[in-house]
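The block underneath contains the structure these notes are about, expressed in structure tokens.
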There are 2 protein chains.
Amino acid sequence: MPDDAAGRPPVPGSDEAFRALADPTRRRILDLLADHGSLTVADLVAQFPGLVASGISKHLMALRAAGLVTAVRRGRHQVYAIDADGLGRALAPWAARYEAYWAEALTRLRAASTGTAGTDPRE
Amino acid sequence: MPDDAAGRPPVPGSDEAFRALADPTRRRILDLLADHGSLTVADLVAQFPGLVASGISKHLMALRAAGLVTAVRRGRHQVYAIDADGLGRALAPWAARYEAYWAEALTRLRAASTGTAGTDPRE
DNA sequence: CCAACGCCTTACCGTACGGTAATGCATTAC
DNA sequence: GTAATGCATTACCGTACGGTAAGGCGTTGG
């Protein structure tokens, strides 16, 4: 990248958030945190058989740098949780611009999941 | 990546979409397409002083592979536009899960831009 | 105090990504 | 028909990313 003269005045801190969300593992971590509220590193490691603790820790650091999760020490464990405020601030501007696009797909998705209970986000 | 044993059955085609959105240049291309409706490669190249046509073309291919934009030939120009349906299908499941997080930030954002005639997709 | 534990940190490696330059294949213009 | 345009494609390069393995520091427990 020779220079950033392309100009990117809009969305200041969202870059890191979008880059963080690019990785499927990190999105799954967010999903797990959204489901369970808060989890330790060990809890998360148990959910990823193909990864060791270091990898999970690195992903968590990336999410933390992007402001998507928060970390607090509890004893010798580190408990992670979704940073609702940070996630909102990072994605709200983009969502405001594009929510119209997925709005109809969303209502269709909600209608389809009424009774079918399966994870089938298409058709 | 030795294997994908970590398990990623959910959100089948969203991976490419999120990876495509990770790059600021591609998000800016989407913004430009959202603003102008449809643009040719040359139009987009004019918006990025720091890039040559090949680079723009590659970004457009990535966006097309992710199902976020569509391309049609008009004469010897290639006209790109946002694929509303593809964008919706790719992001709707994720948005359905996390929209609550940016909902409050969104209303706050809308309240702040009341009267400042920004880019308002709806209402 | 000392050993075990838990997590972060650093070093390192392979691969994929973003970028340019050069080539190819259409379509338009002369 | 031939030349020029417009975009895609390919080849190539530097860098950043995702992953593991090894080391460090604070915390828990005897």
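Protein chains get the first letters and strands the later ones, always in sequence-line order, with residue 1 at the start of each.
Considering only residues two or more places apart in sequence or on other chains, B:Ala22 meets the side-chain contact (heavy atoms from CB on, under 4.5 Å) condition with A:Ala22. Checked against ring pair (Phe, Tyr, Trp, His ring centres under 6.0 Å), A:Tyr101 has the following partners two or more places apart in sequence or in another chain: A:Tyr98. Not a single side chain to side chain donor-acceptor pair (under 3.5 Å) links A:Arg19 to another residue, sequence neighbours left out. With sequence neighbours left out, the side-chain contact (heavy atoms from CB on, under 4.5 Å) criterion links A:Arg64 to A:Met61, A:Val69, A:Ala71, A:Tyr80.
Rounded to whole Å, the distance from CZ on A:Arg64 to P on C:dC7 is 14 Å. Put simply, CD1 on A:Ile29 is 12 Å from C1' on D:dG18, counting in whole angstrom units. In this structure, CD of A:Glu16 is placed 14 Å from P of D:dA16, rounded to the nearest angstrom. Between the CG atom of A:Leu51 and the C1' atom of C:dC8 there is a distance of 17 Å, rounded to whole Å. The CG atom of B:Asp43 sits 13 Å away from the C1' atom of D:dC7 (whole-angstrom rounding). Per the geometry, CG belonging to B:Leu39 stands 11 Å off P belonging to D:dC7, to the nearest Å. The distance from atom CD of A:Gln78 to atom C1' of C:dT9 is 13 Å, rounded to the nearest whole Å. Taking atom CG of residue A:Leu63 and atom P of nucleotide D:dC17, one finds them 14 Å apart after rounding to whole Å.
Applying the ring-ring contact (aromatic ring centres under 6.0 Å, His included) definition to pairs two or more places apart or across chains, none involves residues 55-77 of chain B.
For B:Tyr80 and D:dG6, the shortest distance from a side-chain N or O to OP1 or OP2 is not below 4.0 Å. For B:His77 and C:dT27, the shortest distance from a side-chain N or O to OP1 or OP2 is not below 4.0 Å.
Other residues sharing the hydrophobic cluster of A:Val79, ordered by chain and number and joined by side-chain separations under 4.5 Å: A:Val72.
Of the residues near DNA chain D, A:Ala22 and B:Thr40, the one whose nearest nucleotide (by heavy atom distance) lies more toward the 5' end is B:Thr40.
Candidate nucleotides C:dG19, D:dG18, C:dA16 were compared by shortest atom distance to the side chain of A:Asp23, and D:dG18 ranks first.
At a threshold of 4.0 angstrom between heavy atoms, the contacts of B:Arg26 are confined to the sugar-phosphate backbone, with no base atom among them.
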With 3.5 Å as the limit, what N/O pairs link the protein to nucleotides 25-30 of chain D?
none

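The aromatic rings of B:Phe18 and B:Trp94 lie perpendicular to each other, with more than 60° between the two planes, well past the 30° mark.
Of the residues in residues 52-61 of chain B, those placing a heavy atom less than 4.0 Å from an atom of DNA chain D are B:Ser54, B:Ser57, B:Met61, in numerical order.
Judged by distance alone, with hydrogens and angles left aside, the side-chain atoms of A:Ser14 form a donor-acceptor pair with the main-chain N or O of A:Ala90 at under 3.5 Å.
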Please list every donor-acceptor pair under 3.5 Å in which a side-chain atom of residues 32-42 of chain A meets a protein atom from a residue at least two apart or in another chain.
from	atom 1	to	atom 2	distance (Å)
A:Asp35	OD1	B:Arg97	NH2	2.4
A:Asp35	OD2	B:Arg97	NH2	2.9
A:His36	ND1	A:Leu32	O	3.0
A:Thr40	OG1	A:Ala42	N	3.4
A:Thr40	OG1	A:Asp43	N	3.2
A:Thr40	OG1	A:Asp43	OD2	3.1

